[in-house]
Number of protein chains: 2
Amino acid sequence: MRKPKKERQRALTESINDNPFVTDDELSTKFDVSVQTIRLDRMELGIPELRERIKHVAVKTFEDEVKSLPIDEVIGEIIDIELDERAISIFDVKPEHVFQRNQIARGHHLFAQANSLAVAVMNDELALTVKSELQFLRPVTAGQRVVAKAQVVDRNPEKNRAYVKVVSSVDLATVFIGTFEMYRMTEQSEGDEK
Amino acid sequence: MRKPKKERQRALTESINDNPFVTDDELSTKFDVSVQTIRLDRMELGIPELRERIKHVAVKTFEDEVKSLPIDEVIGEIIDIELDERAISIFDVKPEHVFQRNQIARGHHLFAQANSLAVAVMNDELALTVKSELQFLRPVTAGQRVVAKAQVVDRNPEKNRAYVKVVSSVDLATVFIGTFEMYRMTEQSEGDEK
DNA sequence: CCGCTATTAGCACTTGGTACTAATATGAGT
DNA sequence: ACTCATATTAGTACCAAGTGCTAATAGCGG
């Protein structure tokens with residue numbers, strides 16, 4: 001026997017895990033057993049066939065892509081918006097957003113949500129942030145949902161500036177406050193949302 | 001004829017593009033032509049079969065995953081660091097970091113680089129950002145390399161605070177300035193809000 | 001009616017499997 | 001050594017979603 005069954009199955013799981021694209025045939029050569037043995041192993045371990053494995057990976061990507069496209073331009077999901085006035089977005093903090101050590105969300109994600117919202121609330125796709133002041137009041141952890149509310153507090157049409165205040169909260173407790181001085185890039189605004 | 005060939009092929013490309021998981025059979029039903037016609041179309045258009053399409057998507061994800069893991073904890077690459085004193089990181093602005101409309105880098109990426117660097121320069125893995133003031137002085141575009149320099153400017157050990165100033169520049173021109181009030185979590189600080 | 005393109009049909013073959021049955025090995029217990 | 005159980009191997013039929021190839025037919029313009 002080349003390897004005890006248990007050990008082979010462990011190694012098999014590992015192999016497939018770090019290269020899902022490997023066929024039963026390749027595996028049978030690698031472990032020097034028959035293809036059937038590999039298949040029995042996969043069945044016992046509940047590992048699907050190559051095509052299904054690939055499909056899963058692909059579906060995951062595809063969903064991610066679909067999901068990340070809207071996210072691309074706005075971090076968090078906008079649930080309410082009144083152009084030039086106010087907007088609200090929610091952002092679910094996931095494990096990838098936090099420091100591994102303490103599970104606290106990294107500041108730039110809160111900033112990204114708030115800044116995106118500030119850009120979005122401007123009636124101008126080409127708005128840029130000029131200045132900003134931030135306060136991180138309470139740490140946010142994975143699993144929490146951050147609700148950001150943006151309000152346009154002031155405007156200065158001559159200078160093409162607008163001032164936006166964003167307050168983010170988790171369960172009604174404020175966790176973050178940001179003020180943003182925004183610059184409008186379009187020419188003089190004639191009046192209506194396009 | 002249900003549709004001119006050209007139009008069908010255009011629609012076919014589109015269909016496959018926004019759902020790569022569709023089979024020839026499904027497509028033949030959809031366009032009300034035979035499977036063979038669909039296959040001829042794919043050949044003319046150079047569109048690979050379903051399995052190959054799925055594989056491509058999967059391979060892409062797989063590579064992306066491997067690539068994105070190391071980037072996880074620090075945005076930008078730290079090229080020099082003296083703990084509690086100063087640090088330098090570089091960040092290459094790529095197409096995914098900019099607004100599609102005007103190719104200008106989204107503010108949160110510059111913030112993320114600066115904030116990450118501020119966290120890193122603290123001799124404390126668990127540092128948190130408390131307050132921050134930002135100035136976006138000049139727009140940064142895709143293809144440019146942003147060099148961020150962080151400097152610890154002040155400390156307040158009793159309050160577990162430190163103040164970090166980060167200046168980011170492209171080709172020696174300052175594009176961004178941020179000041180960060182950081183909170184150290186280590187030491188024996190008992191008053192930790194969870 | 002000829003010629004041309006477009007479409008459809010049919011068959012053999014390919015990959016990477018599943019499902020199932022049956023034979024053989026191997027080792028442990030008694 | 002004999003027996004039983006588990007492990008392994010072999011072999012067959014079948015499937016999905018194709019490719020590759022040949023051949024037939026449809027539709028239309030001139």
Side-chain angles (χ1 to χ4, degrees), chain A residues 1-70 72, chain B residues 1-69:
Chain A
M1 214 181 267
R2 317 94 290 215
K3 248 186 191 189
K5 183 180 174 179
K6 250 180 110 178
E7 162 58 12
R8 186 190 57 229
Q9 293 196 339
R10 199 205 50 73
L12 189 98
T13 310
E14 193 184 290
S15 286
I16 293 179
N17 225 304
D18 67 50
N19 177 22
F21 302 94
V22 68
T23 63
D24 288 359
D25 208 79
E26 289 162 354
L27 289 166
S28 89
T29 312
K30 175 165 183 176
F31 293 109
D32 193 24
V33 292
S34 68
V35 196
Q36 283 79 355
T37 301
I38 296 293
R39 293 188 178 157
L40 282 172
D41 284 349
R42 273 200 300 102
M43 267 165 233
E44 284 180 31
L45 298 166
I47 300 172
E49 61 166 300
L50 174 127
R51 284 140 169 162
E52 291 305 311
R53 294 194 303 261
I54 291 183
K55 208 173 187 173
H56 274 124
V57 179
V59 167
K60 209 178 63 191
T61 328
F62 198 66
E63 284 172 350
D64 282 359
E65 254 171 33
V66 172
K67 238 183 286 164
S68 75
L69 267 177
D72 186 38
Chain B
M1 216 182 264
R2 9 285 104 162
K3 246 185 193 189
K5 183 181 174 179
K6 250 180 109 180
E7 162 58 13
R8 186 191 56 230
Q9 293 195 340
R10 199 205 50 73
L12 189 98
T13 311
E14 194 184 289
S15 286
I16 293 179
N17 226 305
D18 67 49
N19 177 20
F21 302 94
V22 68
T23 63
D24 288 0
D25 207 78
E26 288 162 354
L27 289 166
S28 88
T29 313
K30 176 165 183 175
F31 293 111
D32 193 27
V33 292
S34 68
V35 197
Q36 284 79 357
T37 301
I38 297 293
R39 291 185 179 157
L40 283 172
D41 284 348
R42 274 201 297 101
M43 266 166 231
E44 284 180 31
L45 298 166
I47 300 173
E49 61 165 301
L50 174 129
R51 283 138 167 163
E52 290 305 311
R53 294 194 303 261
I54 290 184
K55 208 173 188 174
H56 273 124
V57 179
V59 167
K60 210 178 61 191
T61 328
F62 201 65
E63 286 171 351
D64 281 0
E65 256 169 32
V66 173
K67 240 183 285 166
S68 73
L69 269 175

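Only heavy atoms go into these numbers, but all of them, side chains included; no hydrogens, no water, no symmetry mates.
- Remark: P of dA6(C) and NZ of K6(B) are 12 Å apart, rounded to the nearest angstrom.
- Whole-Å rounding puts the E52(B) CD to dT14(C) P distance at 17 Å.
- At the phosphate of dT8(C), OP1 or OP2 sits under 4.0 Å from a side-chain N or O atom of S34(B).
- Qualifying side-chain hydrogen bond (donor to acceptor under 3.5 Å, both in side chains) partners for R39(B), counting only residues two or more places apart in sequence or in other chains: D24(B).
- When the nucleotides dT9(D), dT8(D), dT7(C) are ranked by their closest atom to the side chain of L40(B), dT7(C) comes out on top.
- Not one N or O on the side chain of R53(A) forms a donor-acceptor pair closer than 3.5 Å with the backbone of F21(A).
- Taking the side chain to side chain contact (heavy atoms under 4.5 Å, CB included) definition, one finds that E49(B) meets it with R42(B), R51(B), E52(B), sequence neighbours left out.
- The NZ atom of K5(A) sits 15 Å away from the P atom of dA28(C) (whole-angstrom rounding).
- One can place CG of L12(B) at 15 Å from C1' of dT7(C), the figure rounded to the nearest angstrom.
- Evaluation of the side chain to side chain contact (heavy atoms under 4.5 Å, CB included) rule for T37(A) yields R8(A), V33(A), S34(A), D41(A) as partners, not counting sequence neighbours.
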- Item | Sequence-aligned protein contact record of nucleotides 15-21 of chain C, with B where the base is within under 4.0 Å of a protein heavy atom and S where only the sugar-phosphate is | BBBB---
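- Every residue meeting the side chain to side chain contact (heavy atoms under 4.5 Å, CB included) condition with T23(B), not counting sequence neighbours, appears here in chain and number order: D25(B), E26(B), L50(B).
- Residues satisfying the side chain to side chain contact (heavy atoms under 4.5 Å, CB included) test with L45(A), not counting sequence neighbours, are Q9(A), L12(A), T13(A), I47(A).
- Computed from coordinates, the E7(A) CD to dA7(D) P distance equals 16 Å when rounded to whole Å.
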